[in-house]
Amino acid sequence: MKASQIGIQVMREMPSDADDIAQAWLLRGGYIHRHAAGIFCFSGLMYRVEEKVSKIISEEITRNGGMQVRLPILQSAEIWQQSGRWAVYEHEKLMFKSEDRKGRIFGMSPTAEEVVCDFAKHLIRSPAQMPLNLFQQNLKFRDELRPRSGLLRSREFIMMDAYSFDLDNDGLDLSYRKMRQAYHAVYKKMAFDYMIVQADSGAIGGSASEEFMATSEAGEDTLLYSENYAANLERAVSQTPAGEKAEDGEMKIIETPDSETIVKVADFVGVAPSAVLKTLVFDLVYQDKTEPIIVLIRGDCDVNAVKLSNHFGAIAAQPSDADTVHKVTGCAPGYVGPIGLKPGVKMIADTSLEGVTSLVSGCCEAGKHAVHTMPGRDFDMPETVDLRMARVGEIGPDGVPLLQCKGIEIGHVFKLGTKYSEALSAGVTDSNQKFQNFHMGCYGIGTTRILQTLVDQNCDQDTGIKWPVIIAPYHAHLVPVKADNPEMMAAAEKMAAELEARGCECVVDDRKGSMGSKLKDGEILGFPLRVVFGRDLADGKVEIYNRLTDEKDTVTLDEAVERLSGFVTSEIAAANARRDAVVAESF
RNA sequence: CGGGGAGUAGCUCAGCCUGGUAGAGCGCUGUGCUGGGGGCGCAGAGGUCGCAGGUUCGAAUCCUGUCUUCCCGACCA
């Protein structure tokens, strides 16, 4: 391919509004162009990268029993109403909507559980036709509250979404394991630095859920892990560290002016924050209602709203605003406590309070707190469950302190069970003449998100992208030092033809401009290999450079072809070997 | 939705406080010299200063509104 035909436009300076390095390189290299917030054009080079990534994904899913299909982007509102999720998406304003000439409303696919479940009803009429695993790679639309970080959280993106259908839970288990394996194969092949973590199922619902996280400082998610344990922070569990025990005694109410935070109260009374009772009011948001709940937790701990929400099967749990707090407790935030609380409000406690015998607590009266309060004696102790936000350094399920890192979610696997098949009455009659709803799993890989994550893990701060060979838009950048020198250009084109024949994809840089700027462009764009046709051509030699190994050499034309194509072949072989190792390891 | 930046040439930005003919660097076009790391010279093109309204003899500049965008928070299959 000639560079002049590609539409290359490398910017001289770093874009000012790119917050992370990968997005900055993609913008500066002209790989992507922002059209609107969270919506991008892809250049020819980016399109090639996308195709290579999506091909790898499709291959591995197919290898593990998936069948690629095409599902509609425009999805009728009715089917979303059947599952009850139209209201959820309406509530969060996440759905892009569209209306046809007759006034029928369609949602632009943010995901496709409903549609594929309905589709499967027509495809599967007998248990013998299962398991079935349908997947696609298609555009998805989500009107995110705040698109950000380029392709990492965009409003229009490409996602591989797969859906498995089984007769029973055992079947689902197997389908889930196979997909998990396919995911490992995909990420190993692309040489991602990643980990698999326990995850929250979120609004999509279902029982088991794990996320594949590319480790990166640019990641939005916080992960806690040790050798045999890893979880998203919103899901992580750990042992509550021991708190400082306060002196026991008779409960007494004392004046505590200006003590509306845990730290201030603790300082004022002269105890550790862990000897203070934190009492919080949350709104539990359900599909049809919102109700307040009072949460008790030890003063030095934080409530994990996801755990709280999940415990009650709510859509979300969010801290109540001051007005609600006042309405529910009769006092302002800062002095709320189980002492003096008006009855009838739902309450729950975190396990951090188990066994604690003396606490400083709010008593629903401004400027006052109760000291030496004992759960069970001075107030009724509600049900205790784990609602606590785990922290780095605490002892995890492994029995060792948890470590922390940031991650980009590049894949997510869920067991849905019968949530959608029940709502849509989708299933088959089994051998006992009994109707069985499909047991479904769903699986997502953010194809476009992966593109930026690959750059994140394969670039350097100063020079540019370093595409792995199996992903690179082209493998080799052939640069004639003088573009208008016929011998140099002819030599480059001849070598390009020879390399292409051996599977090494080439860009011949026929653009006007100085050699320096072409070399710079090539490095920013991230081609793994380069050949310079210049002064040594008189001796039948060229300079070859490997950006991935940083090796430079001056060799004959024949040897250059040999070395470059050999490197490409071996890199592809290595990637396939990593993929094959996954099967052997059997994750 | 709350908080904070920003919108002036294709890009990065200056000018705004203190109102008075629209600026720089890079890029682009032409041309000549160059040619192993964004090279040099000469000549050029390119902007309703986001939009609307207001104040004023006069607004990129002051005021009001609005849109867009980036960041933080909330949110995030």
Side-chain angles (χ1 to χ4, degrees), chain A residues 9-20 23-24 27-28 30 33-39 80 83 85 88-89 91-95 107 109-114 140-150 152-155 157 159-163 199-206 209 211 220-221 232 234 283 285 305-306 309 315-319 321 408-409 411-414 416 419-420 442-446 449 463-464 479-485 488 511-524 530-537 541-543 545 552 554:
Chain A
Q9 192 51 265
V10 178
M11 280 164 250
R12 192 172 182 109
E13 286 153 274
M14 277 295 190
S16 62
D17 56 358
D19 49 317
D20 80 45
Q23 184 194 3
L27 285 167
R28 185 170 162 193
H33 170 76
R34 199 182 62 232
H35 170 74
I39 301 176
W80 281 80
S83 71
R85 282 209 297 179
V88 176
Y89 278 74
H91 180 254
E92 296 182 1
K93 297 186 172 153
L94 211 56
M95 185 85 83
S109 179
T111 173
E113 281 78 14
E114 286 82 356
K140 298 285 178 299
F141 301 85
R142 289 184 197 167
D143 195 2
E144 297 283 354
L145 273 173
R146 183 154 88 84
R148 83 187 110 176
S149 305
L152 294 187
R153 183 160 297 284
S154 54
R155 296 195 293 173
F157 56 100
M159 181 172 86
M160 187 296 297
D161 46 329
Y163 307 88
D200 178 57
S201 316
I204 201 166
S209 155
E211 289 165 334
E220 292 182 271
D221 290 277
N232 196 309
E234 62 191 21
D283 293 331
V285 182
V306 173
S309 168
I315 293 172
Q318 48 207 24
D321 57 30
I408 300 169
E409 183 190 346
H412 203 156
V413 290
F414 295 86
L416 293 174
K419 176 174 171 175
Y420 294 92
C442 79
Y443 317 90
I445 293 181
R449 179 182 280 185
T463 53
V479 185
V481 170
K482 300 178 189 179
D484 53 2
N485 177 312
M488 289 179 181
R511 296 175 301 163
K512 289 185 192 172
S514 69
M515 186 212 57
S517 61
K518 291 182 189 180
L519 299 189
K520 207 83 178 167
D521 281 2
E523 281 158 12
I524 289 168
R530 182 177 71 206
V531 186
V532 177
F533 298 79
R535 61 187 170 213
D536 302 315
L537 198 59
K541 291 187 171 180
V542 287
E543 182 203 86
Y545 173 64
K552 208 180 267 191
T554 300

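Each chain gets a letter, A, B and so on, in the order its sequence line appears, and its residues count up from 1.
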For the [atom1] atoms, the ones on [N] and on [M], what distance do you get once it is rounded to whole angstrom?
N      : M      : atom1 : value
B:rC71 : B:rC28 : C1'   : 32 Å
B:rC33 : B:rG20 : C1'   : 44 Å
B:rU61 : B:rA45 : P     : 27 Å
B:rA24 : B:rU66 : C1'   : 31 Å
B:rG10 : B:rU48 : P     : 9 Å
B:rG47 : B:rC42 : P     : 24 Å
B:rA6  : B:rU12 : C1'   : 14 Å
B:rG25 : B:rG15 : C1'   : 15 Å

Every protein N/O lying under 3.5 Å from an N/O of nucleotides 5-9 of chain B:
none

Separation of atom [atom1] in [X] from atom [atom2] in [N], rounded to whole Å:
X        : N      : atom1 : atom2 : answer
A:Glu144 : B:rG73 : CD    : C1'   : 15 Å
A:Ile408 : B:rC76 : CD1   : C1'   : 15 Å
A:Leu27  : B:rU12 : CG    : C1'   : 14 Å
A:Lys482 : B:rG35 : NZ    : P     : 6 Å
A:Met95  : B:rC76 : CE    : C1'   : 15 Å
A:Met14  : B:rC13 : CE    : C1'   : 17 Å
A:Gln9   : B:rG27 : CD    : C1'   : 8 Å
A:Lys93  : B:rC76 : NZ    : C1'   : 16 Å

- Query: So which one's nearest nucleotide on RNA chain B is more toward 5', A:Glu409 or A:Leu145?
  - Reply: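 By nearest-heavy-atom nucleotide position, the 5'-most residue is A:Leu145.
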- Task: Answer whether the closest heavy-atom distance between the side chains of A:Leu537 and A:Val542 falls below 4.5 Å.
- Result: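 With C-beta onward as the side chain, the pair touches.
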In the strands shown, is [N] matched to any nucleotide by a Watson-Crick or G-U wobble pair with both distances under 3.5 Å, and which?
N      : result
B:rC75 : none
B:rU61 : none
B:rU18 : none
B:rC26 : B:rG10
B:rU66 : B:rG50
B:rC33 : B:rG39

Sequence neighbours left out, what passes side chain to side chain contact (heavy atoms under 4.5 Å, CB included) with [X]? Give chain and number order.
X        : result
A:Ala24  : A:Met14, A:Pro15, A:Ala18
A:Ser309 : A:Ala314, A:Ala317
A:Val10  : A:Ile8, A:Asp521, A:Ile524, A:Leu525
A:Asp221 : A:Met213, A:Leu223, A:Asn232, A:Glu409

- Who are the salt bridge (Lys or Arg N to Asp or Glu O under 4.0 Å) partners of A:Lys518, not counting sequence neighbours?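 Per chain and number, A:Lys518 pairs via salt bridge (Lys or Arg N to Asp or Glu O under 4.0 Å) with no residue.
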- Query: By salt bridge (Lys or Arg N to Asp or Glu O under 4.0 Å), which residues pair with A:Glu211, not counting sequence neighbours?
  - Reply: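 Here no residue qualifies.
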- Task: Give A:Tyr89 one of three labels, base, sugar-phosphate or nothing, depending on what nucleic acid heavy atoms sit under 4.0 Å from its own.
- Result: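 Sugar-phosphate, no base atom in range.
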- Query: Reckon A:Asp484 touches a base, only the sugar-phosphate, or nothing at all at heavy-atom distances under 4.0 Å?
  - Reply: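 Since a base atom lies under 4.0 Å of A:Asp484, the category is base.
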All side chain to side chain donor-acceptor pair (under 3.5 Å) counterparts of [X], not counting sequence neighbours:
X        : value
A:Arg153 : A:Glu144, A:Glu220
A:Asn485 : none
A:Glu523 : A:Arg530

Pairs: protein N or O with nucleotides 66-70 of chain B N or O, under 3.5 Å:
unit_1, atom_1, unit_2, atom_2, d
B:rU69, OP1, A:Ala37, N, 2.9

- Query: Between A:Tyr545 and A:Lys552, is there a cation-pi geometry (under 6.0 Å to ring centre, at most 45° from the normal)?
  - Reply: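 Yes, A:Lys552 and A:Tyr545 form such a contact.
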- Query: side chain to side chain donor-acceptor pair (under 3.5 Å) with A:Tyr420: which of A:Arg85, A:Glu113, A:Glu114?
  - Reply: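 The passing option is A:Arg85.
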- Query: In B/S/- notation, 5' to 3', how is nucleotides 36-43 of chain B contacted by protein heavy atoms closer than 4.0 Å?
  - Reply: BBBS----
- Nearest-0.5 Å distance, OG of residue A:Ser517 to CZ of residue A:Arg12: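 Taking OG in A:Ser517 and CZ in A:Arg12, the distance rounds to 8.5 Å.
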- Closest approach of A:Leu27 and A:Met11, non-hydrogen atoms and distance?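 Nearest heavy atoms, A:Leu27 then A:Met11: O-CE, 2.9 Å.
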